[in-house]
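One structure is given here, and the rest of the page talks about it.
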Amino acid sequence: MPDSTPRGLTRLAFGGDYNPEQWPEDVWHEDVRLMREAGVTMVSVGIFSWALLEPAPGVYDFGWLDRVLGLLHENGIRVDLGTPTVVPPVWFYRAHPEALPVTADGTRYEFGSRGAICHSNPGYRAAAADITTRLAERYADHPALAMWHVHNEYGLPVSACYCDTCAGHFRDWLRTTYGTVEAVNEAWGTAFWGQRYGDLDEINPPRTTPTVGNPAQALDYRRFADATVRENFRAERDVLHRLSPGVPVTTNFMTALSQCDSMDYWAWGREVDIVTNDHYLITDGRRTHVNLAMAADLTRSVAGGAPWLLLEHSTSGVNWQQRNPAKAPGQMARNSLAHVARGSEGAMFFQWRQSRRGAEKFHSAMVPHGGTDTRVWREVVELGAALDVLAPIRGTRTVADVAVLWDWHSWWAQGLDWRPSEDHDARERADTFYETLYDRHLTVDFAHPEADLSAYPLVVVPALYLMTKTAGDNLRSYVEQGGTLVVSYFSGIVDEHDAVHEGAYPGVLRDVLGLTVEEFSPLLPGERVRLNGPDGSELNGDVWTEFVVPRGAETVWTYADGLTAGRPAVTRHALGRGTAWYVSTRLDGEALDAVLGRAAADAGVAPLVELPRDVEVVRRAGEQGSYLFAVNHTAGEAKVPLDATGTELLTGEPVEGRLTVPAGAVRVVRLDG
Ligand code: GLA
Ligand code: ZN
């Protein structure tokens with residue numbers, strides 16, 4: 001069994017992508033000196049180095065990498081060693097032009113960037129296996145090697161290729177998945193618009209068509225593309241496991257839903273030895289620390305609750321958004337420790353030294369262009385010291401209060417063309433529900449709709465358009481056995497082939513919710529509806545309304561105007577020992593809080609402590625003890641009430657009764673007992 005912690009790493013991971021090939025060798029010596037000054041414990045090396053390691057076909061140059069690893073080892077720095085398969089050298093493409101991916105409209109990409117890969121291409125697969133084998137043979141026993149980092153951010157920038165090789169590979173996938181062309185016809189509903197196929201060999205990828213193509217075909221192509229990329233990960237991983245036994249293998253995910261939508265990370269989480277994640281703040285005007293917390297919780301969830309590792313984030317601004325603000329003083333540490341609170345075993349960055357050339361020269365780094373007499377460098381050194389003190393938390397697990405259901409397949413299906421309203425956005429619903437729970441200081445685990453939910457008193461379903469019958473049965477028995485469920489509109493509508501479940505909406509959720517939906521009635525931009533509820537409370541909804549018919553559920557809020565006036569808007573259904581809530585319109589965070597407050601009361605779920613909105617409190621616990629993290633995102637001092645005593649690790653001070661967290665700061669208390 002490969003280990004699930006980086007080999008030989010005895011502290012939290014702290015460091016970044018290290019690209020010494022961009023610098024003359026004398027800079028390397030300064031690099032390791034500065035790494036020691038900052039308390040760097042691990043760096044990621046070689047991720048983009050194929051062209052340097054194999055300058056011509058079959059000609060290898062490992063000398064420079066030997067020297068880099070040797071230098072790092074002499075300085076006590078562990079290495080996360082990359083396989084460079086995200087950028088094959090130009091000579092490879094000149095020999096295999098067909099390995100460049102093709103878009104749905106037939107454009108073939110050119111060499112000159114990164115990640116231009118047709119994952120079905122046999123030439124690419126063979127070359128990737130070869131360079132991975134060479135690296136593993138050379139470095140499996142290297143004393144600096146802590147873990148293997150396969151490829152880089154699978155799924156970006158190309159999520160699917162539509163070339164002829166992929167067409168053949170897709171047909172093989174269909175043959176394995178469905179067996180016969182009849183089964184494909186049935187699953188895709190090809191009787192519609194005369195799309196019937198007589199033979200599997202007639203089927204192509206969903207290339208550009210005059211109007212909307214077959215949605216089930218498009219959905220299956222996303223599954224196929226994800227599975228194909230995973231085949232390539234597995235192939236490299238298996239080489240590494242064979243030649244480098246016991247050393248954990250990872251590949252860096254991007255679980256922030258806005259950063260990658262093409263990989264089913266539930267499936268990926270089962271394939272890696274350590275889940276690692278990259279996270280960058282998206283500056284779209286929303287609270288970035290909430291998006292960060294959500295991505296961290298989702299990462300931990302795909303790791304099955306086990307510790308994971310933040311492999312990349314930024315010390316300050318990035319360079320790939322329209323506007324790239326710098327981080328505020330203290331924000332980098334806050335970001336880093338918020339990830340740690342939610343299960344990361346350290347904080348790593350892209351990248352160690354800011355590049356002078358190339359596309360990412362304006363992306364912040366641990367060593368900025370301005371060198372060490374800079375704010376960023378001073379904060380890097382401080383963070384290194386803080387992480388060093390926090391080493392005892394290694395191996396503990398974040399404790400969650402509620403579960404939010406999430407499924408990439410459902411998200412893909414939700415995004416297909418010709419839905420009732422393009423304003424309904426599954427991710428937006430997930431974000432808003434998450435934010436509402438965050439503001440109640442509840443810690444969220446994400447769960448697959450078919451997962452065992454019995455550990456959670458409250459389960460929230462933000463937007464799960466596609467749900468299997470198994471998932472529906474799962475939710476029903478969860479409620480019957482005493483759980484509290486909250487479901488948002490347009491959930492449980494189609495099966496795994498995007499076919500509407502038989503009978504009235506919401507197919508697999510009718511029984512558990514105790515209602516049917518006769519019709520959807522989306523609203524026009526700017527249109528709003530009022531909802532009247534208990535104790536005279538009034539809420540507003542937009543984007544979506546429905547004609548809900550209660551069949552056992554009680555009406556809690558009623559539509560006060562619009563086409564659905566007088567009908568149920570929010571309902572509650574007592575079933576078995578539990579309760580199921582349904583919300584049939586889009587509520588903003590504040591309105592949602594009114595509903596979630598009632599559901600939380602049904603579930604008996606209360607936050608850890610009463611706190612201001614932007615003070616985050618999360619607990620990690622394990623055999624080594626219990627640790628309370630308090631992250632203060634506000635500009636004022638926060639007082640966190642504690643009904644325990646303990647020791648604050650960053651200041652060494654004893655804590656009793658309450659914990660004072662200065663503005664913008666983080667505190668970590670080791671709780672006694
Ligand atoms: C990703 C990549 C890195 C770098 C950063 C920049 O995470 O993995 O190589 O491009 O983005 O933010
Ligand atoms: Zn292809």
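Whatever order the structure lists them in is the order used to number ligands and atoms, beginning at 1.
- Asn291 and His279 are linked by a side-chain donor-acceptor pair at a separation below 3.5 angstrom, with hydrogens and angles left out of the test.
- Atoms of ligand 1 lying under 4.0 Å from at least one heavy atom of Glu153, given by number and element, are 1 (C), 2 (C), 7 (O), 8 (O).
- Counting heavy atoms only, His363 comes closest to atom 12 (O) of ligand 1 of the residues Met254, His279, His363.
- In this structure, Arg353 is positioned above the aromatic face of Trp23, its NZ or CZ under 6.0 Å from the six-membered ring centre and within 45° of the axis.
- For His119, every N, O or S atom stays at 2.8 Å or more from the Zn ion (ligand 2).
- Ligand 1 places these atoms under 4.0 Å from at least one heavy atom of Asp278: 7 (O), 8 (O).
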Note to self: Run Met294 and Leu257 through side chain to side chain contact (heavy atoms under 4.5 Å, CB included) and show every step you take.
What the structure shows: CA-CA 9 Å; Met294 181 170 171; Leu257 299 178; 3.7 Å; yes
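- When SG of Cys166 and SG of Cys118 are joined through the Zn ion (ligand 2), the resulting angle is 100° to the nearest 10°.
- Within the structure, ligand 1 has Arg114 among the residues with a heavy atom less than 4.0 angstrom away.
- Between Phe349 and His313, the ring center distance clears the sub-6.0 Å criterion.
- A side-chain hydrogen bond (donor to acceptor under 3.5 Å, both in side chains) with Asp226 is found for exactly one of Arg230, Arg222, Arg223, namely Arg230.
- If you look at Asn152 next to ligand 1, the close heavy atoms, those under 4.0 Å, all belong to the side chain.
- The distance from ligand 1 to the heavy atoms of Glu312 drops below 4.0 Å at these ligand atoms: 1 (C), 2 (C), 3 (C), 5 (C), 7 (O), 8 (O), 11 (O).
- Salt-bridge annotation for Asp66 and Arg138: present, with a side-chain N of the basic residue lying under 4.0 Å from a carboxylate O of the acidic one.
- In this structure, Glu231 does not pair ionically with Arg237, as no charged nitrogen and carboxylate oxygen lie closer than 4.0 Å.
- Counting protein heavy atoms only, atom 5 (C) of ligand 1 is closest to Tyr280 OH, 3.5 Å.
- Here is the list of ligand 1 atoms found below 4.0 Å of a heavy atom in Phe48: 9 (O).
- With a 4.0 Å cut-off on non-hydrogen atoms, Glu360 touches ligand 1 through its side chain and not its backbone.
- In this structure, the ring of Trp411 has its center less than 6.0 angstrom from the ring center of Trp406.
- For the Zn ion (ligand 2), the N/O/S atoms of Cys163 include one lying under 2.8 Å.
- With ligand atoms numbered from 1 in the order given, ligand 1 contributes 6 (C), 12 (O) to contacts under 4.0 Å with heavy atoms of Trp320.
- Considering OG1 of Thr251 and CD1 of Ile274, their distance stands at 12.0 Å, rounded to 0.5 Å.
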